[in-house]
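Report on one structure; see the data block that follows.
Residue numbers start at 1 and run along the sequence shown.
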Amino acid sequence: MQDTSLANESHQRPTWDEYFLMLAKLAATRSTCLAFPVGAVIVKNKQVVATGYNGSPSGSAHCTAQGYCYPGLNSCDASKTLPSRAVHAEANAIAQAAKHGTSTDGASIYVTLEPCLSCLKLIISAGIKEVFYETSFNSGEKVLVRDSFVNEGLVALKQIHLSQVTAQQAAQFLLNPTSVARTARCVHEL
């Protein structure tokens with residue numbers, strides 16, 4: 001009989017929440033926003049329905065490509081009056097699902113940044129019932145509005161994080177070939 005404790009120490013499967021958050025973080029690498037790279041993944045029955053990241057609308061110049069959001073502004077958050085040019089990651093994920101005729105009713109969404117109120121309203125209207133996010137965003141009076149939606153039972157919000165072990169393991173998978181034999185022998189080989 002094989003001692004599996006060594007194998008478990010060297011490879012720990014991520015939880016479902018960690019797995020989908022990592023996918024959202026990978027989606028964020030496609031962001032073309034200079035201020036906040038954000039990624040989103042819509043999930044239904046433990047299956048990915050759609051992904052999204054924030055950036056300029058399709059066909060518009062990417063902020064990262066032109067080096068600025070607006071002429072004279074290197075980032076949208078540098079202005080108090082001009083709105084962001086970016087379509088938010090959550091909205092892009094919902095739009096992707098709609099474009100492909102995929103229902104989001106009863107789904108969950110994983111995002112790297114807590115949804116703004118506009119996106120939260122869109123999420124609720126799309127029938128998404130759970131929001132899992134990594135980094136907090138809303139503050140002040142916006143929290144009151146957000147919490148009113150939660151208290152009405154329209155949506156559930158939960159902040160989640162990757163464990164250190166999962167993050168380190170994911171980094172190793174990203175930096176090295178993954179489809180190679182592990183050093184530990186499989187049980188069926190014994």
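- Cluster membership for I42 and L154, using ILVMFWY side-chain heavy atoms within less than 4.5 angstrom, is shared.
- Taking 4.5 Å as the limit, some side-chain heavy atom of S136 sits within range of a side-chain heavy atom of Q159.
- Taken to the nearest 0.5 Å, the CZ atom of F20 stands 8.0 Å off from the NZ atom of K46.
- Listed for the E114 side chain is a donor-acceptor partner under 3.5 Å among the backbone atoms of F137.
- Residue E152 places its CD atom among more than 12 non-hydrogen atoms of other residues, nucleotides or ligands, all under 6.0 Å distant.
- Closest approach of A50 and A93 over heavy atoms only: CB-O, 3.4 Å.
- I109 and L23 are assigned to two separate hydrophobic clusters, defined by single-linkage of ILVMFWY side chains at heavy-atom distances under 4.5 Å.
- A heavy-atom distance below 4.5 Å is found between the side chains of V87 and P57.
- Counting heavy atoms of neighbouring residues, nucleotides and ligands inside a 6.0 Å radius, atom CG of N45 does not exceed 12 of them.
- With sequence neighbours excluded, no residue forms a salt bridge (Lys or Arg N to Asp or Glu O under 4.0 Å) with E18.
- S148 places a side-chain N or O within 3.5 Å of a backbone atom of V145 that can act as its donor or acceptor partner.
- What you find for L120 and F149 is that their closest heavy atoms are CD2-CD1, 3.9 Å.
- The closest side-chain heavy-atom distance from I128 to I94 is below 4.5 Å.
- Rounding to the nearest 0.5 Å gives a distance of 13.5 Å between CG of L162 and OH of Y19.
- By the 4.5 Å heavy-atom criterion applied to side chains, V38 and C33 are not counted as neighbours.
- With hydrogens and angles ignored, the 3.5 Å screen pairs no side-chain donor or acceptor of K142 with any backbone N or O of L117.
- To the nearest 0.5 Å, atoms CZ (R85) and OG (S56) are separated by 4.0 Å.
- The shortest heavy-atom contact between H161 and E134 is CE1-O, 3.3 Å.
- In this structure, C116 SG and K121 NZ are separated by 8.5 Å, a value rounded to the nearest 0.5 Å.
- The heavy-atom pair separating V49 from A97 by the smallest distance is CG1-CB, 4.2 Å.
- A donor-acceptor pair is defined here as one N or O able to donate and one able to accept, closer than 3.5 Å; no such pair exists between the side chain of T104 and the backbone of A107.
- A distance-only check finds a donor-acceptor pair linking the side chain of Q169 to the backbone of Q12 [under 3.5 Å].
- Between V155 and K129 the shortest side-chain heavy-atom distance does not fall below 4.5 Å.
- Note on M22 and V41: same hydrophobic cluster, where clusters join Ile, Leu, Val, Met, Phe, Trp and Tyr whose side-chain heavy atoms are under 4.5 Å apart, directly or indirectly.
- Taking CZ of F132 as the start and CH2 of W16 as the end, the distance is 13.0 Å to the nearest 0.5 Å.
- For T112 (side chain) and G39 (main-chain N/O), a donor-acceptor pair under 3.5 Å exists by modelled atom type.
- The backbone N or O of F36 sits less than 3.5 Å from a side-chain atom of N54, completing a donor-acceptor pair.
- Listed for the T166 side chain is no donor-acceptor partner under 3.5 Å among the backbone atoms of S163.
- The cluster map of Ile, Leu, Val, Met, Phe, Trp and Tyr, joined by side-chain heavy atoms under 4.5 Å apart, puts V143 and V131 in different clusters.
- The minimum heavy-atom distance linking S108 with E130 is given by the pair OG-OE1, 2.6 Å.
- A distance of 11.0 Å separates CG of L122 from NE2 of H88, quoted to the nearest 0.5 Å.
- A91 and C119 make their closest contact through N-SG, 4.5 Å (heavy atoms, listed as atom of the first residue, atom of the second, distance).
- In the hydrophobic clustering of this structure, Y110 does not group with I123; members are Ile, Leu, Val, Met, Phe, Trp, Tyr whose side-chain heavy atoms approach within less than 4.5 Å, directly or through other members.
- In this structure, the side chain of N92 engages the main chain of Y53 through a donor-acceptor pair within 3.5 Å.
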